[in-house]
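Just so you know, these numbers come straight off a predicted model, no measurement behind them. For the numbers below, each heavy atom of this structure counts, side chains included, while hydrogens, waters and symmetry mates do not.
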Amino acid sequence: MTIESVSEKRSHGGVQGVYKHASAATGTEMTFSVFVPDHEPDAQLPVLWYLSGLTCTHANVTEKGEFRAACAEHGIIFVAPDTSPRGEGVADDAEGAYDFGLGAGFYVNATQQPFSKHYKMRDYIERELPEVVAANFPVDMARQGITGHSMGGHGALTISLRNSGRFKSTSAFSPIVSPLNCPWGHKALGGYLGEDKAAWAEYDACALIDGGARLPDLLVDQGDADNFLAEQLKTHLLVEACDRAGQKAAIRMQPGYDHSYYFISTFMAEHVAWHAERLKA
């Protein structure tokens, strides 16, 4: 559970840190960021996990997400991991494509060679990183929320749906809602898991909801000017799945917004406040 500090900066009355550690799950060094607001001695704070999208590292949301003021106001720790294993010997897409390989781990446990050696992002996010964070930061693990963007929105939804009762709050920005039904999903899940689509269902939010998985509540924001909306994100499939299942959800189309961090940062404080309401002691 030992971590190494890469940097720590005072911000919004708290500390924004970047840390690294040796991961048993991925067999690589992993980097993640944590914002800890000021708090009373011995206090334990709720934690909000943020999963990033394709091509990103921990740095994208840390530098552009504009979450710190809201987290300081509500007393929430904010954790942002990387999106894939990295380092010498870690397999990548043969042609260096942005939507598969490094920076595109899709939060799965890969079963196909050569990716199965290191691409264990499901184990890393669901099991190992929470243990590392709990051992090194003042978190109340009974009060966890999760959110994410795009591929990370897919990760947030599926991880929360698979782990019933673990997360008191779940939200997403522009999530990939059904990898079974989009090109990004076919490429990633086919490449990491093989061609048996039955193995893909546990990484598809709509399939999980159709299979009986439920959340206490759900908030999703999606820009209607997002150039990935029609082909890749397909938000309407999540709306339909929630309607079929009676899953409580606020799925909001935001006019004029695209897929960028300009969009995410606009609604980040609202998401943090929404989580805070559900993470009260």
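Enclosure of atom CD in Gln113 by more than 12 non-hydrogen atoms of other residues, nucleotides or ligands within 6.0 angstrom is indicated. Other residues, nucleotides and ligands contribute at most 12 non-hydrogen atoms within 6.0 Å of the OH atom of Tyr262. When the shell of 6.0 Å around NZ of Lys187 is examined, it contains more than 12 heavy atoms from other residues, nucleotides or ligands.
Interatomic distance, Glu29 CD to Asp82 CG, rounded to the nearest 0.5 Å: 11.0 Å. Between the CG atom in Leu193 and the CG atom in Asn109 there is a gap of 9.0 Å [rounded to 0.5 Å]. Remark: His236 NE2 to Cys206 SG distance equals 9.0 Å, nearest 0.5 Å. Note: Lys280 NZ to Arg278 CZ = 10.0 Å, rounded to the nearest 0.5 Å. Between the NE2 atom of His275 and the OG atom of Ser169 there is a distance of 4.5 Å, given to the nearest 0.5 Å. Rounding to the nearest 0.5 Å gives a distance of 7.5 Å between OG1 of Thr170 and CG of Leu157.
For the pair Asp92 and Arg86, the salt-bridge criterion is not met [side-chain N within less than 4.0 Å of a carboxylate O]. A salt bridge links Arg252 and Glu270; the closest N-O separation between the charged side-chain nitrogens and carboxylate oxygens is under 4.0 Å.
With sequence neighbours excluded, no residue forms a side chain to side chain donor-acceptor pair (under 3.5 Å) with Asn136. A search for side chain to side chain donor-acceptor pair (under 3.5 Å) contacts involving Ser260 returns Asp258, not counting sequence neighbours.
Put simply, the side chain of Glu128 gets close to the backbone of Ala24: a donor and an acceptor are under 3.5 Å apart. Checked by atom type and distance alone, the side chain of Lys64 never pairs as donor or acceptor with a backbone atom of Ser265 at under 3.5 Å. When atom types are taken as modelled, the side chain of Asn60 and the backbone of Cys56 share no donor-acceptor pair closer than 3.5 angstrom. Side chain of Asp204 to main chain of Leu180: a donor-acceptor pair is present (N/O by atom type, distance under 3.5 Å, no hydrogens or angles). Within the 3.5 Å criterion, the main-chain N or O of Ala25 finds no donor-acceptor partner in the side chain of Asp123. Using a distance-only test at 3.5 Å, with no hydrogens or angles considered, no donor-acceptor pair links the side chain of Ser84 to the main chain of Gly105. A distance-only check finds no donor-acceptor pair linking the side chain of Trp49 to the backbone of Ala156 [under 3.5 Å]. A side-chain donor-acceptor contact under 3.5 Å links Lys234 to the backbone of Asn181. Side chain of Arg68 to backbone of Ser11: no donor-acceptor contact under 3.5 angstrom is found. A donor-acceptor pair under 3.5 Å links the side-chain atoms of His39 to the main chain of Pro37, judged by distance alone.
Counting heavy atoms from C-beta outward, Tyr257 and Asp226 have side chains that stay 4.5 Å or more apart. Under the 4.5 Å side-chain criterion, counting only non-hydrogen atoms from C-beta, Pro179 is in contact with Ile176. The shortest side-chain heavy-atom distance between Val61 and Met268 falls under the 4.5 Å cut-off. With contacts defined as side-chain heavy-atom distances shorter than 4.5 Å, the pair Pro175/His154 does not qualify. Side-chain contact check for Thr26 versus Val90: every heavy-atom pair is 4.5 Å or farther apart. For the pair Thr62 and Phe78, the minimum side-chain heavy-atom distance is 4.5 Å or more. In this structure, Asp140 and Val47 have side chains that are not in contact, with every pair of non-hydrogen atoms separated by 4.5 Å or more. Within the 4.5 Å cutoff, no side-chain heavy atoms of Ile77 are placed close to those of Phe35.
Aromatic pair Tyr124/His21: ring centres closer than 6.0 Å. Between Tyr119 and Phe100, the ring centre distance reaches or exceeds 6.0 Å. The distance between the ring centers of Phe106 and Tyr203 does not fall below 6.0 angstrom.
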ask   = Where do Val177 and Val239 land on the side-chain contact (heavy atoms from CB on, under 4.5 Å) test, with the steps shown first?
value = CA-CA 10 Å; Val177 305; Val239 173; over 6 Å; no

ask   = Under the side-chain contact (heavy atoms from CB on, under 4.5 Å) criterion, do Ser174 and Phe263 qualify, and how do the steps go?
value = CA-CA 10 Å; Ser174 313; Phe263 161 64; 3.1 Å; yes

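Hydrophobic clustering keeps Val18 apart from Leu48 (ILVMFWY residues linked when any side-chain heavy atoms are closer than 4.5 Å, directly or through intermediates). Both Leu51 and Tyr192 are members of a single hydrophobic cluster when ILVMFWY side chains are connected at heavy-atom separations under 4.5 Å. Under the 4.5 Å side-chain heavy-atom criterion for grouping Ile, Leu, Val, Met, Phe, Trp and Tyr, Met141 is connected to Ile125 within one hydrophobic cluster. Under the 4.5 Å side-chain contact rule for hydrophobic residues, Leu229 and Trp184 share a cluster. The cluster map of Ile, Leu, Val, Met, Phe, Trp and Tyr, joined by side-chain heavy atoms under 4.5 Å apart, puts Phe267 and Leu218 in different clusters.
Side chains of Ser150 and His259: a donor-acceptor N/O pair is present below 3.5 angstrom, by distance only. No hydrogens or angles considered: nothing links the side chains of Ser33 and His58 as a donor-acceptor pair under 3.5 Å. Between the side chains of Thr158 and Glu202, no donor-acceptor pair is found at a separation under 3.5 Å.
When the options Ile264, Leu219, Val220 are evaluated for a side-chain contact (heavy atoms from CB on, under 4.5 Å) with His271, the one that passes is Leu219. Results of the side-chain contact (heavy atoms from CB on, under 4.5 Å) test with Tyr107 over Glu126, Met151, Arg122 single out Met151 as the only residue that passes.
Tyr19 and Phe32 have tilted rings, their planes meeting at an angle from 30° to 60° on a 0 to 90° scale. The aromatic rings of Tyr261 and Tyr50 sit tilted, their planes meeting at an angle between 30° and 60°.
Of all heavy-atom pairs between Thr28 and His118, the closest is CG2-ND1, 3.6 Å.
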